[in-house]
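Nothing fancy with the numbering, it's 1 onward along the sequence.
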Amino acid sequence: MDPKMDSGMICKYYSVDEAIENGAAPIPLSFDGTVDVQCTIDIMDHLLSCEATWHKGHSLAQTVFSCIYLLRPDRTSSHALLHSYCSVIRATCKAVIAVVSDARTHEEEDLFIMAYGLPLSGDGDEKCLSMLNAVEETICRQLRACKSSLPKSRAPEAAEPLQSNFDLEEDYCRALLCRLRFRKHFYHVLTCMRRPQGRGLELARKHIASCLLELDLIRNSSTFLSNNSFGMSKDGLEDMTTASGRQPLGFDSSLNCRLSAPTPPRAIKLLSWKKAVDYFVKLLHDLDNICSYSLDPLLEGVFRFVVQFQKTQPDLVARSLLQFLLVQDGKLYGRDPLYAVITKAAGLPESAKNHENQKNQYIVQLGQLVINLLKVLCTNSAWQRRKLGKILQDWRVIYMQMEMAFKRDFSEILSISNGENAWMKIFQHILVWVEEQTYWISTRFLVLGFELELYSPSEYCMVYWYLSVVLIKLVEKIHLRALMSNETGKRKGKKKGASSKDIGKDFRIPPAVSFLQCQICLAEGLLMMLAALRNEHMIVQSPSPFNSEYERFFQHFELLQKACIPDNITFDSYEQSTRLARISNLVTYNCFKDAQKIAKEVKSSFSNDPEKLAELRRIELVAEHNSVALNLIHKVGALDPSLKISFEFNHHPYFGTALVKRS
């Protein structure tokens, strides 16, 4: 008797057969040809809205398969246009479910792949494209006939007109063709992107371009369809699920409500037709982004691409196809063995990838961790952060196991051969790389908290403190790996008697290290600025009635603390680091100016990397604004108690900008 529980149980019909008997899904749709075409287009548009709503996480049974024509595939066989369209819709749903199910990203939207025994495969659906092509060719012939100057001068090969009004024939032909062609190309996109080792990406891009072109034509057809929607008000078209504004025939979302899930049925609000078109435009742009990816063999490049891709907030289907591309048959892109990928990422020479010890149990486990990390990075932000926090312990454990095995197995080799054993060198490089990745995951975990708005302003100080500590550790490991790679490369070509000092003499700090140093300066500047404002009572700290600062510290960083990332970092060390912070000291040693300086110096190293250049510009903006704010607070802060200081993320997603105002 609760309205929330009853909303999904209100049924007009209790079975598909009952709905058909009561005329809910007639065939033909109308004996008037014009009305029949209008109703067919309305069904196509409403199915588009249903499909977009399904992609957004709602039940397939109550969205796409609320269409009675889809539930009874045999009934549409006499209506070639509707039959071909329903066949390709079923085939598309089946393809989407397959890719999401294979990628296993559906755990976050667990209703997505549940088919509830619905007829995803009708008789002849495997020939859906040939049926669609036949119908398309028929309408194309009719469109060519429409272009003749006189109605009676129709070409001899012309098909029967779609409807009786010759003046409307051409526009109806165009409206139908763009909808049919969109369906055809979208199905091709899905099949091409599922080809192994990314072999279909180039062809998929061509179909994506065609899809976007057809969507523009579909959008443009709405003017004609709404103008010829007799008796319909033009008000409220924004919320309608059809371009014409009419209610479609043959739909009843309550028919399958009992199949929804082992949870109470619920009423579903479909996306409007305009929002559905916008959704598919964004989806296609996301897919085009994936198809344009160069299949970087370096893991660092892969991680960067996925993180950058996630900034566009792609939906489930796009993320599933990305994961399918990255991980196939336990290999990167289905072609590169994980051991070879790891050795390359660790800065080892090409010869190391064929080493006989690639089947070592720890190396095999590490490869599985890399695969899991790639899959986690393809999930939505909330699920991703949760999973990253959990896999941190796995990375820490594998590092400790490898380190213990290294000390145990190579202690004798170290004493006898002075460290020249090839396998020992591989192990050393991989150990450093594992630790580097552990700190990179930790950084990603902390940064996602800002994106998800998990931190309150009173907690920014402790978050920036922890972020700066983790970034410093990450810089150390990147620097160490670069030194080791430099030494390995130089050792091959060094002359006899050349010392290790000579090898490292011309070593330069990698640009990646300088880039992270900018972020460290910014994080340190913000944490000390926040700490000083708190210590001098210039920011109102409202104590939480539910937990103390120590408890909040533990809640936010519990997963990092359990994995000992970094070692010996506690709440006490945070308090000691920030207890003495004062505004006057920060003006003398301005971390924001250091960030600006390093950013300007390192820009030339990333002249061919627009993403890094954009990030450096954002860092400079934040540093400049905060430096000005710091000087202003120092000059007038103590003299003007009405000064109000707050932080906004208008220049950078996770480095705040101080705003100084008078109340």
Could you pull out all residues at least two apart from Tyr333 that satisfy ring pair (Phe, Tyr, Trp, His ring centres under 6.0 Å)?
-> none
Do Arg304 and Asp609 come within less than 4.5 Å of each other through their side chains, counting heavy atoms only?
-> yes
With the side chain counted from C-beta on, respond yes when Met193 and Leu325 share a heavy-atom pair under 4.5 Å apart, and no when they do not.
-> no
Can you sort out the partners of His207 under ring pair (Phe, Tyr, Trp, His ring centres under 6.0 Å), two or more places apart, ordered by chain and number?
-> His185, His188
Not counting sequence neighbours, which residues clear side-chain contact (heavy atoms from CB on, under 4.5 Å) with Val364? List them please.
-> none
Side chains of Leu388 and Leu392: closer than 4.5 Å at any heavy-atom pair?
-> no
Find out whether Tyr172 and Thr34 are in side-chain contact, i.e. whether some heavy atom of one side chain is under 4.5 Å from a heavy atom of the other.
-> yes
Are any side-chain N or O atoms of Glu51 and backbone N or O atoms of Ile89, one a donor and one an acceptor, separated by less than 3.5 Å?
-> no
Side-chain touch Asn228/Asp171, heavy atoms, less than 4.5 angstrom = no
So, does Gln328 use its side chain to make a donor-acceptor pair with the main chain of Gln197 at under 3.5 Å?
-> yes
Starting at OG of Ser59, measure out to CZ of Phe65 and round the result to the nearest 0.5 Å.
-> 11.0 Å
Check whether any side-chain heavy atom of Leu295 lies under 4.5 Å from a side-chain heavy atom of Arg335, and answer yes or no.
-> yes
Please collect all side-chain hydrogen bond (donor to acceptor under 3.5 Å, both in side chains) contacts where either partner lies in residues 364-373, sequence neighbours excluded, each pair once.
-> Gln368-Asn372
Does a sphere of radius 6.0 Å around CD in Glu137 hold more than 12 heavy atoms from other residues, nucleotides or ligands, not counting ones at 6.0 Å or beyond?
-> yes
Do you know which two heavy atoms are closest between Pro653 and Phe450, and how far apart they sit?
-> O-CB, 3.9 Å
Nearest heavy-atom pair of Pro119 and Arg90: which atoms, and what distance?
-> O-CD, 3.0 Å
Output the distance between atom CZ (Arg179) and atom CG (Leu81), rounded to the nearest 0.5 Å.
-> 11.0 Å
Closest non-hydrogen contact found for Ala175 with Ser221 is CB-CB, 4.2 Å
Got a sec: does the CG of Asn22 have more than 12 other heavy atoms crowding it under 6.0 Å?
-> yes
Polar side-chain atom of Asn227 near backbone of Thr223 as donor-acceptor pair, under 3.5 Å = yes
Contact check, side chains of Gln437 and Leu299, non-hydrogen atoms, under 4.5 Å = no
Non-neighbouring partners of Phe445 that pass ring pair (Phe, Tyr, Trp, His ring centres under 6.0 Å), sequence neighbours left out | none
Between His46 and Thr241: side-chain donor-acceptor atoms closer than 3.5 Å | yes
Could you please spell out the steps behind the salt bridge (charged side-chain N to carboxylate O under 4.0 Å, His left out) verdict for Lys282 and Asp286?
-> CA-CA 6 Å; Lys282 183 183 183 304; Asp286 288 337; 2.9 Å; yes
Which residues pass the ring pair (Phe, Tyr, Trp, His ring centres under 6.0 Å) test with Phe324, sequence neighbours left out?
-> none
Does the side chain of Tyr187 reach to within under 4.5 Å of the side chain of Leu132, using non-hydrogen atoms?
-> no
Heavy-atom count around Glu170 CD within 6.0 Å, excluding the residue itself: above 12?
-> yes
Donor-acceptor contact present, side-chain Asp45 to main-chain Ala243, <3.5 Å | yes
Work out which heavy atom in Ser320 is nearest to a heavy atom in Ala103; give both atom names and the distance.
-> O-CB, 3.7 Å
Using the ring of each side chain (for Trp, its six-membered ring), is Trp440 parallel, tilted or perpendicular to Phe303, with breaks at 30° and 60°?
-> parallel
Could you grab the distance from atom NZ of Lys387 to atom CD1 of Ile391, nearest 0.5 Å is fine?
-> 9.5 Å
Who passes salt bridge (charged side-chain N to carboxylate O under 4.0 Å, His left out) against Glu136, sequence neighbours left out?
-> Arg181, Lys184
Partner of Leu321 by side chain to side chain contact (heavy atoms under 4.5 Å, CB included), out of Val100, Val189, Leu190 = Leu190
Could you please spell out the steps behind the side chain to side chain contact (heavy atoms under 4.5 Å, CB included) verdict for Leu270 and Phe251?
-> CA-CA 12 Å; Leu270 295 176; Phe251 287 86; over 6 Å; no
For Arg194, salt bridge (charged side-chain N to carboxylate O under 4.0 Å, His left out) partners two or more places apart = Asp102
I would like to know whether Thr40 and His79 meet side chain to side chain contact (heavy atoms under 4.5 Å, CB included); could you show each step before the answer?
-> CA-CA 10 Å; Thr40 303; His79 196 297; 3.8 Å; yes
Thinking salt bridges, do Glu453 and Arg385 make one under a 4.0 Å N-O criterion?
-> no
Side-chain donor or acceptor of Asp288 paired with backbone N/O of Leu284 under 3.5 Å | no
Any donor-acceptor pair under 3.5 Å from Gln310 side chain to Thr379 backbone | yes
Contacts of type side-chain contact (heavy atoms from CB on, under 4.5 Å), residue Gln308, not counting sequence neighbours = Lys311, Glu611
The single option from Leu48, Leu60, Ile268 passing side chain to side chain contact (heavy atoms under 4.5 Å, CB included) against Thr53 = Ile268
In Å, rounded to the nearest 0.5 Å, how long is the span from CG of Leu326 to CG of Leu373?
-> 11.0 Å
With sequence neighbours left out, what residues match Asp216 under salt bridge (charged side-chain N to carboxylate O under 4.0 Å, His left out)?
-> none
Stepwise, does the ring pair (Phe, Tyr, Trp, His ring centres under 6.0 Å) test hold for Phe309 with Tyr293?
-> CA-CA 10 Å; Phe309 179 73; Tyr293 177 50; 9.7 Å; no
Just by distance, do the side chain of Asp315 and the backbone of Val317 share a donor-acceptor pair under 3.5 Å?
-> no
Which residue, Leu374, Leu338, Val370, forms the side chain to side chain contact (heavy atoms under 4.5 Å, CB included) with Val327?
-> Leu374
Salt bridge (charged side-chain N to carboxylate O under 4.0 Å, His left out) with Asp36: which residues, sequence neighbours excluded?
-> none
Show the atom names and distances, to 0.1 Å, of all donor-acceptor pairs under 3.5 Å that link a side chain in residues 66-74 to residues at least two apart or in another chain.
unit_1: Ser66; atom_1: OG; unit_2: Thr63; atom_2: O; d: 2.6
unit_1: Tyr69; atom_1: OH; unit_2: Pro26; atom_2: O; d: 2.8
unit_1: Arg72; atom_1: NH2; unit_2: Asp17; atom_2: OD1; d: 3.2

If you look at every heavy atom in Gly301 and Asp296, which pair is closest and at what distance?
-> CA-OD2, 3.4 Å
Side-chain donor/acceptor of Arg75 to backbone N/O of Ala25, under 3.5 Å | yes
Minimum heavy-atom separation for Leu249 to Leu29, with atom names?
-> CD1-O, 3.9 Å
